[in-house]
**Q** 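Quick one: structure below, then a few questions.
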Amino acid sequence: MYEALSAAIHSADKVALFMHVRPDGDAVGSALATKRYLENLGKRVDIFVENHAELRQNLRILPGFSDIGKCRYRRYDLGIALDTATAARLGTKCQGLYFGRCGDHALVDHHYSSENFGEIIVREPNAAATCEILYKFFAEHDNSAIDQDVATCLYAGLITDSGALTFSNTSVETLNIAAKLAAYGVDRYTIIQKLFKEIRREVFQLKLRVLSRAEFLADGKCGLIVFKQSDFAATGTTDLDTEGLINNIVNIEGVSLAIAASERDDMNSYQVSVRAKDGVNAAAFAEKFGGGGHICASGLRLLKGGEEGLNELRTAAEEFLSAQDK
């Protein structure tokens, strides 16, 4: 199943790894795990990221985090895009400059809506996380190169995209892989605490402000929260601190579609997260705006600001859920 990727890695000396913009735990965990794994095989490996400032601070607990962005070579034998649905999601510099300089190009991804932008494609939409795919590949390619650091990074990515093994994308295979990774001595308590439970006081204040203004549409089937630039300024936070807060909305009884719109710096656009349950397809909603992702969790960029942009989201959500009922 992974023969082409295995052959490309076998023949490569220098390997470049790429994550999507605003990388989450699965993207960072995938990159750090792959770097460590390939280094254990004797490869020279660097990790590229479009904007280092977009790395989430709670992921600093992962081994090798400080090496992200320390890139040593002008050309690489193999470039691997990880957890990235489209080439545009690599970012302008990473896509047009660095990824293009690689000799061969591979993609390892699990997104429902995606495009092919490499000669070697490994895509498993039914996998809970890209880290789930990578564990299977690592075990098949050379199981001896998996160590505690590799397992820790894979575990972090796996629980990020599976909601700590609680989302509907968590399969029996996901649970089995989580158990195998835990057997390497992964500090599961610390990872869960840092990635899911612990928040700064400033983020708590942001949460209070935004959730108090939550709107409910389509007879309560849709919940909408909005993060304004004024909220970030008042609480000393940024849009990177919004991660996970949307789950407070999708977990409400009767809500099948949750939308979190984060006002961008220019106040003329929104970064939008979408979550869904009860058979509603978050990716299908995001695709209406040129976005995409997973059935239960997706995202999009809305190129309209203020109430005009929010009204477009509200109308789209009403129409989308109305069509679901027919």
Side-chain angles (χ1 to χ4, degrees), residues 17-35 47-65 68-69 80-86 88-91 94 107-114 123-125 127-135 152-167 169-170 174 178 191-199 203 227 237-248 250 258-260 262 271-276 282-283 286 291-301:
L17 306 176
F18 298 85
M19 302 179 286
H20 60 72
V21 294
R22 297 171 60 87
D24 59 2
D26 191 25
V28 174
S30 293
L32 292 176
T34 303
K35 184 177 191 295
I47 300 174
F48 286 81
V49 63
E50 181 76 3
N51 184 354
H52 201 277
E54 291 183 341
L55 292 170
R56 292 167 169 80
Q57 296 304 301
N58 61 348
L59 295 171
R60 288 185 175 275
I61 63 169
L62 298 182
F65 184 91
I68 296 175
I80 307 176
L82 298 161
D83 194 43
T84 304
T86 66
R89 289 281 290 158
L90 291 174
C94 282
L107 169 65
V108 182
D109 185 43
H110 74 125
H111 286 90
Y112 168 80
S113 52
S114 55
R123 181 181 293 111
E124 298 179 28
T130 297
C131 281
E132 179 176 322
I133 303 170
L134 287 171
Y135 171 78
T152 295
C153 295
L154 290 177
Y155 189 85
L158 187 64
I159 67 162
T160 296
D161 269 21
S162 67
L165 305 177
T166 65
F167 290 169
N169 62 359
T170 303
T174 306
I191 291 176
I192 293 290
Q193 188 71 16
K194 293 294 184 182
L195 270 55
F196 283 91
K197 295 183 178 181
E198 186 176 279
I199 62 172
V203 179
F227 298 90
T237 56
T238 72
D239 60 351
L240 293 178
D241 294 311
T242 65
E243 184 182 22
L245 297 188
I246 191 175
N247 293 329
N248 292 275
V250 77
I259 303 171
S262 180
Q271 189 69 39
V272 182
S273 296
V274 185
R275 299 291 182 271
H294 311 295
I295 292 175
C296 295
S298 293
L300 61 101
R301 181 75 178 271

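Small disclaimer: the values here were computed from a predicted structure and weren't measured. Hydrogens, waters and symmetry mates are skipped; everything else that's a heavy atom, side chains included, is used.
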**Q** Just verifying a value: how many Å separate F196 CZ and T160 OG1, rounded to the nearest 0.5 Å?
**A**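 Going from CZ on F196 over to OG1 on T160, the span is 5.0 Å.
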
**Q** Closer than 3.5 angstrom, by distance alone: can the side chain of H52 be matched with the main-chain N or O of I68 as a donor-acceptor pair?
**A** yes

**Q** Please give me the minimum heavy-atom distance between I246 and A258, naming the atom from each residue.
**A**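 Nearest heavy atoms, I246 then A258: CD1-O, 3.5 Å.
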
**Q** Side chains of D161 and H110: any donor to acceptor distance under 3.5 Å?
**A**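 Yes, side-chain donor-acceptor contact under 3.5 Å.
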
**Q** To the closest 0.5 Å, what do you measure between CG (L165) and CG (L158)?
**A**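 Answer for the CG-CG pair, L165 versus L158, is 6.0 Å.
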
**Q** To the nearest 0.5 Å, tell me how far S262 OG sits from D239 CG.
**A**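 Result: 4.5 Å between the selected atoms.
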
**Q** Side chain to side chain contact (heavy atoms under 4.5 Å, CB included), that's the test. Do T237 and F227 meet it? Break it down for me.
**A** CA-CA 11 Å; T237 56; F227 298 90; over 6 Å; no

**Q** Given side chain to side chain contact (heavy atoms under 4.5 Å, CB included), test I47 with V49 step by step and report yes or no.
**A** CA-CA 7 Å; I47 300 174; V49 63; 5.6 Å; no

**Q** Report the C-alpha distance between T174 and N169 in whole Å, list the side-chain angles of each, state the deciding distance to 0.1 Å, and finish with yes or no for side chain to side chain contact (heavy atoms under 4.5 Å, CB included).
**A** CA-CA 9 Å; T174 306; N169 62 359; over 6 Å; no

**Q** Rounded to the nearest 0.5 Å, how far apart are NE2 of H294 and CZ of R275?
**A** 8.5 Å

**Q** Nearest 0.5 Å, please: how far is CG in N58 from CD in E198?
**A** 9.0 Å

**Q** On a heavy-atom basis, which atom in G291 and which in L300 lie closest, and how many Å separate them?
**A** CA-CB, 3.9 Å

**Q** Using modelled atom types only, decide if a donor and an acceptor are shared between the side chain of D83 and the backbone of T130 within a distance under 3.5 Å.
**A**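 Answer holds: no.
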
**Q** Is there a donor-acceptor pair under 3.5 Å between the side chain of R22 and the backbone N or O of N51?
**A**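 Checked: no pair found.
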
**Q** Quick check: does any side chain N or O of T34 sit under 3.5 Å from a backbone N or O of L32, one acting as donor and the other as acceptor?
**A** no

**Q** Taking all non-hydrogen atoms of both residues into account, name the closest pair between H20 and T84 and its distance.
**A** N-OG1, 3.3 Å

**Q** Between F48 and F18, how do the two ring planes meet: parallel, tilted or perpendicular, split at 30° and 60°?
**A**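 Rings of F48 and F18: parallel, under 30°.
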
**Q** With a 3.5 Å distance limit and no angle check, can you tell me whether R123 reaches the backbone of H111 through a side-chain donor-acceptor pair?
**A**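 Judged by distance alone, no pair lies under 3.5 Å.
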
**Q** Enter the distance from Q193:CD to I61:CD1 here, rounded to the nearest 0.5 Å.
**A**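 If I round to the nearest 0.5 Å, the distance is 10.0 Å.
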
**Q** Donor-acceptor check, side chain of E50 to backbone of C94, threshold 3.5 angstrom: yes or no?
**A** yes

**Q** For the pair F65 and L55, evaluate side chain to side chain contact (heavy atoms under 4.5 Å, CB included) and give the outcome as yes or no after the intermediate values.
**A** CA-CA 10 Å; F65 184 91; L55 292 170; 3.8 Å; yes

**Q** Taking all heavy atoms of T152 and all of P63, pick out the closest pair and write down the distance.
**A**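 Shortest heavy-atom separation between T152 and P63 comes out as CG2-CD, 3.9 Å.
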
**Q** How close do G157 and C131 get, counting heavy atoms only, and between which atoms?
**A**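 Of all heavy-atom pairs spanning G157 and C131, the closest is CA-SG, 3.7 Å.
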
**Q** Do you know the tightest heavy-atom contact between A286 and S298?
**A**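 Heavy atoms only, the tightest pair is CB-CB, 3.8 Å.
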
**Q** Flag the pair L195 / L59 as yes when at least one side-chain heavy-atom distance between them is below 4.5 Å, and no otherwise.
**A** yes

